[in-house]
Amino acid sequence: MPPSSTASKKGNNEAGRHQSALLYIADLIMDLTKIREQFPILERKIKGKDLIYLDNTATSQTPMRVVEAIERMYTTTKANVHRGVSSISQEATDLQEATRRRVAQWINASSEQEIIFTRGTTESINLVASSFGDFLENGDEIILTVMEHHANIVPWQLLGRRKRIILRVVPVNGRGELDMNAYRSLFNERTKLVSVCHVSNVLGTVNPIKEMIATAHANGVPVLIDGAQAVPHMKVDVRELDADFYAFSAHKMYGPTGIGVLYGKKKWLEMMPPYQGGGEMIANVSFEHTTYAELPFKFEAGTPDFVGIAALDKALDFIEETGYDNIEAHEHKLLTYTTERMMQIPGMRIFGTAADKSAVISFLIGKGHHYDIGMLLDTQGIEVRTGHHCAQPLMHALGIEGTVRASFAVYNTIEEADKFIAALERVAAMLE
Ligand code: PLP
C-alpha cells in the first residue's frame, strides 16, 4: 500500500475557514511580521502576485543579518584563514573557529574537533563513504532506507567501485513510516554501517533514530544520520542520540549556501584516513612522506568557505532568537491546518501521513501531472517543488514519477496557507 492519503470529502471548507481565523490570531501573537521583515525576498512579486515561498525543504530563505555578515566579511575581514600572523587573517580565523565552537555546542558535540566544515550534507556523506569506506571489505553490508535522498545512496554505490558493498534497504508502511521489524531483521555479521535520514525530504516522516541507533549499537554497528531536514526544524543533540556521524547543510537552516557540517565521534575521525589532500590538512609534507594535521583540519583540505562559515553563526543567532520550540509549534500548526484543508479538495492524494511528521506535504491531484500543478501554482506566486525530489527509489516504491511538494519554514503564515489552499482548489477545478 503506498503511503498516501486520498481526499474523501467534497469541497466544504467552511469549518476550515473558521478555524483559520483563530490561527491568524496565533500568527499575530507570535509576531510573524517581525520575523518576516528580516527576509526581504518575501516582499517579492512573482508574476504580479505576492510571493508565497513553500520550497523550504530545498533551501530556506536567508535573513538580512546573514547577508550583512557576508558583506561585512568581504568588505572588512577577508584574508585567508590559518595562514600566519597578519591581523586580518587572525580575525577571519577567529570568526571561523568561533562558529565551529558554536556549532559544537549547538548539537552538543563533545568538542569542536568533532565538527568538520564541508560544502553541504552531500559532501559530508561522501566524506564518510570515502574515508570510513576504507574499513569495509568485499561483501560487507550497509543498511539504508527506501526514503533516502540520492545524497545518501549514490556515495555508497560509488564505494562499490573500490569493493563489492551490499545495500540493504528498510521499507516503509502505508503511512510512510519505517518498518522497524524489517530494520531489525537486516542486521547480520556483515553489517558495517547504518545510514539513515532523520527526516524524509519527501514524506516528512521523522524517523525514530534514537531507537535505530540503539539497535545498531546493540549489533556493534555505527550509524550516520542525514540530518539535512532535521536541524532547521528541531533541536538535535548528537550525544543524547549517540550518533556516530551526523550531517547537515547551512542553506536549509537560514544560513549561506556552500557550507555543510559533518559531526563525527572523535574515535572514528581519528581512525579514518583523510578525505582529500591539499593545504591545511597536513602537518609535514615531503616527497617521501606526509603527516596529517590534527582534527578537525585533517578533513578540511584547501581554503574553506570561511566567509560563509562566519555568516552561519548569524543564522544560528536567528534560530536561537526565534526558538526551536516556537519554530516547531508554528510549523506543526501550518502542517496540520494545511493538511486538513487539502484533504477536502477532491482528488487530493497526500504521500506521507506519519504520526511524527515534519512540515513537508507531498501530493498529487487527480490525474494531474506534478509538473503542470507546479506551473499552475507558480502563475499564482506560489513556489513549490515538483519532481522526484532526489528520491527516485522512493518514487519507484510509491509507484509514481514524482509529486508536488510544499514545505514550510517559520516565516510562512496561515494567510499564505489559505492562499495556497485557494490556489489548489482552482487547480483541482481545472483538472476535473
Ligand atoms: N539529504 C536530504 C534528506 C536532503 O533533503 C538533501 C537536500 O535536499 C540532501 C541530503 C542534500 O543536501 P545538500 O544539497 O545541501 O548537500
Side-chain angles (χ1 to χ4, degrees), residues 53-62 66 103 116-130 142 144-158 169-170 172 176-178 194-207 209 212 223-234 236 243 245-263 275 299 304-305 308-309 311-312 315 331 351-352 354 356-362 383-395 397 402-409:
Y53 185 77
L54 299 181
D55 195 12
N56 295 287
T57 296
T59 194
S60 64
Q61 295 304 335
T62 315
V66 172
V103 170
I116 296 159
F117 287 118
T118 62
R119 284 191 301 121
T121 308
T122 304
E123 192 177 46
S124 297
I125 299 174
N126 273 279
L127 189 161
V128 179
S130 172
I142 298 177
L144 307 178
T145 83
V146 73
M147 64 173 81
E148 297 313 315
H149 188 282
H150 296 164
N152 194 23
I153 300 173
V154 184
W156 308 112
Q157 291 172 333
L158 289 179
V169 181
V170 186
V172 288
E177 294 158 334
L178 291 177
V194 171
S195 192
V196 56
C197 61
H198 194 161
V199 176
S200 160
N201 67 317
V202 178
L203 305 168
T205 312
V206 181
N207 289 320
I209 55 162
M212 295 177 83
V223 182
L224 183 155
I225 303 293
D226 169 355
Q229 298 301 342
V231 180
H233 308 286
M234 62 184 75
V236 167
F245 301 100
Y246 196 102
F248 57 99
S249 301
H251 71 97
K252 295 182 193 291
M253 50 185 295
Y254 310 106
T257 57
I259 304 293
V261 171
L262 173 68
Y263 158 80
Y275 170 50
F299 289 104
D305 184 353
I309 293 169
L312 167 60
E331 291 177 357
F351 297 87
D356 196 359
K357 186 175 168 177
S358 174
V360 178
I361 309 176
S362 284
E383 306 285 296
V384 290
R385 175 101 348 185
T386 62
H388 54 63
H389 316 298
C390 298
Q392 280 182 336
L394 177 63
M395 295 299 136
T403 70
V404 186
R405 182 184 69 191
S407 52
F408 296 98

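Both ligands and their constituent atoms are indexed starting at 1 by order of listing. Starting from 1, each residue takes its place in the sequence as its number.
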In terms of its nearest heavy atom to atom 9 (C) of ligand 1, the top option of Met147, His150, His149, Arg119 is His149
Heavy-atom closest pair (Ala247 atom, Ile125 atom, distance to 0.1 Å) is CB-CG1, 4.2 Å
Quick look: Cys197 vs ligand 1, heavy-atom contacts under 4.0 Å, and the answer is neither
Going by the 4.0 angstrom heavy-atom rule, the piece of Glu148 near ligand 1 is neither
Going by the atom numbers of ligand 1, which of them fall below 4.0 Å from some non-hydrogen atom of [X]?
X      : value
Gln229 : 3 (C), 4 (C), 5 (O), 8 (O)
Thr122 : 11 (C), 12 (O), 13 (P), 14 (O), 16 (O)
Ser249 : 12 (O), 13 (P), 15 (O), 16 (O)
Asn201 : 5 (O)

**Q.** Donor + acceptor pair across side chains of Ser195, Asn152 (<3.5 Å)
**A.** yes
Original post:
Judged by modelled atom types alone, do Ser200 and Thr205 share a side-chain donor-acceptor pair under 3.5 Å?
Top reply: no
message = Quick one, Trp156 with Leu224, criterion side chain to side chain contact (heavy atoms under 4.5 Å, CB included). Give me CA distance, side-chain angles, the key distance, then yes/no.
response = CA-CA 12 Å; Trp156 308 112; Leu224 183 155; 4.2 Å; yes
query: Looking at side-chain heavy atoms only, is the closest gap between Ile225 and Phe245 below 4.5 Å?
result: no
*How are the rings of His198 and Tyr246 set relative to one another: parallel (under 30°), tilted (30 to 60°) or perpendicular (over 60°)?*
perpendicular
heavy-atom search around atom 8 (O) of ligand 1 in the protein gives Lys252 NZ, 2.6 Å
Looking only at protein heavy atoms, what sits closest to atom 1 (N) of ligand 1 is Asp226 OD2, 2.5 Å
Review point. Are any side-chain N or O atoms of Ser60 and backbone N or O atoms of Tyr254, one a donor and one an acceptor, separated by less than 3.5 Å?
Key: yes
Look at ligand 1 and say whether His251 reaches it with a heavy atom at a distance under 4.0 Å.
yes
